[in-house]
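Heads up: the structure comes next, in structure tokens.
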Amino acid sequence: MEAKDLDINNKDHHVQIADVLDEYTKKSPRVNTPLLFLIKILGSGDLFRTKLIAYMRPMLIKGVVSLINGMKWIYKDTTKSAILTEVLTSMCANMEKEMALFPEDEEEQDPTVQMWLYTFLAQHKLRLAKTEEALAHIEKAISHTPTVVELYLIKAKILQ
């Protein structure tokens with residue numbers, strides 16, 4: 001089946017659309033646009049959660065500062081933003097315990113991943129208008145690595 005035969009508004013087609021986009025992702029693994037498109041159209045089920053993690057994981061590890069700002073569309077759907085909260089919180093808790101994003105991960109992550117998780121949680125909480133929680137997370141990030149200038153910019157935005 002080709003993508004042109006699928007309707008993005010038809011929920012029955014979402015699994016097939018995911019398959020088509022997975023093919024594109026396999027052909028060009030560094031391109032994250034197919035994943036981003038897929039998580040935008042998916043409902044808030046298990047497939048959404050799986051693809052959200054697949055999209056976020058490499059950006060978290062690299063410390064892409066614009067990750068949360070690039071997903072501001074997610075805040076229009078409270079269920080999707082709740083899933084994002086749960087994913088970020090569980091990753092952060094697991095990093096604190098085992099230095100891995102998920103319990104099943106065998107590879108330890110660099111300590112800077114923890115700092116970026118705190119930062120992304122702060123940005124996420126700010127978008128949810130939970131400024132006290134946002135401030136607490138950015139303070140954790142700053143105490144973890146006080147030499148990253150972006151952290152102070154985010155803190156200023158929270159305080160503003």
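The figures here come from the full heavy-atom set of this structure, side chains too, leaving out hydrogens, waters and symmetry mates.
Here salt bridge (charged side-chain N to carboxylate O under 4.0 Å, His left out) pairs that include residues 41-56, with residues two or more places apart or in two chains, are D22-K51, R49-E86. Residue pairs meeting the salt bridge (charged side-chain N to carboxylate O under 4.0 Å, His left out) criterion with at least one member in residues 63-79, sequence neighbours excluded, do not occur. Each side-chain hydrogen bond (donor to acceptor under 3.5 Å, both in side chains) pair with one or both residues in residues 135-147, not counting sequence neighbours, appears once here: E139-K155. Pairs engaging residues 80-107 under the ring-ring contact (aromatic ring centres under 6.0 Å, His included) rule: none recorded [sequence neighbours left out]. Listed by first and then second residue, the salt bridge (charged side-chain N to carboxylate O under 4.0 Å, His left out) pairs involving residues 111-122 amount to none (not counting sequence neighbours).
Applying the side-chain hydrogen bond (donor to acceptor under 3.5 Å, both in side chains) rule to E108 yields no partners; only residues at least two apart in sequence or on another chain are considered. Not counting sequence neighbours, the partners of N69 by the side-chain hydrogen bond (donor to acceptor under 3.5 Å, both in side chains) test are R127. Applying the side-chain hydrogen bond (donor to acceptor under 3.5 Å, both in side chains) criterion to Q109, with sequence neighbours excluded, gives no partner residue. Scored by the side chain to side chain contact (heavy atoms under 4.5 Å, CB included) test, A100 finds N94, D105 as partners (sequence neighbours excluded). Partners of K40 under the side chain to side chain contact (heavy atoms under 4.5 Å, CB included) rule, at least two apart in sequence or in another chain, are L36, W73. The side chain to side chain contact (heavy atoms under 4.5 Å, CB included) test applied to T85 returns T89, H124, K125, L128, not counting sequence neighbours. Applying the side-chain hydrogen bond (donor to acceptor under 3.5 Å, both in side chains) criterion to E96, with sequence neighbours excluded, gives Y118.
V148 has its side chain out of reach of T119: every pair of non-hydrogen atoms, C-beta onward, lies at least 4.5 Å apart. No side-chain heavy atom of W116 sits under 4.5 Å from any side-chain heavy atom of I61. Using a 4.5 Å heavy-atom threshold, the side chains of I68 and L88 count as touching. Residues F120 and M56 form no side-chain contact, since every pair of their non-hydrogen atoms from C-beta on lies 4.5 Å or further apart. Looking at L84 and F48, their side chains never come closer than 4.5 Å, going by heavy atoms from C-beta outward.
For the atom pair CD (E150) and CD1 (I142), the distance works out to 11.5 Å, reported to the nearest 0.5 Å. Separation of atoms CG (L126) and CG (L121) is listed at 12.5 Å; rounding is to 0.5 Å. For the atom pair OH (Y152) and CD1 (I138), the distance works out to 9.5 Å, reported to the nearest 0.5 Å. Atom OG1 of T112 sits about 11.0 Å away from atom CG of L60, to the nearest 0.5 Å. Residue L52 holds its CG atom at 5.0 Å from CD1 of I74, rounded to the nearest 0.5 Å. In this structure, C92 SG and K97 NZ are separated by 11.0 Å, a value rounded to the nearest 0.5 Å.
Within a 6.0 Å sphere centred on CD of E104, other residues, nucleotides and ligands contribute more than 12 heavy atoms.
Closest non-hydrogen pair, I158 versus T131, comes out as CG2-O, 3.8 Å.
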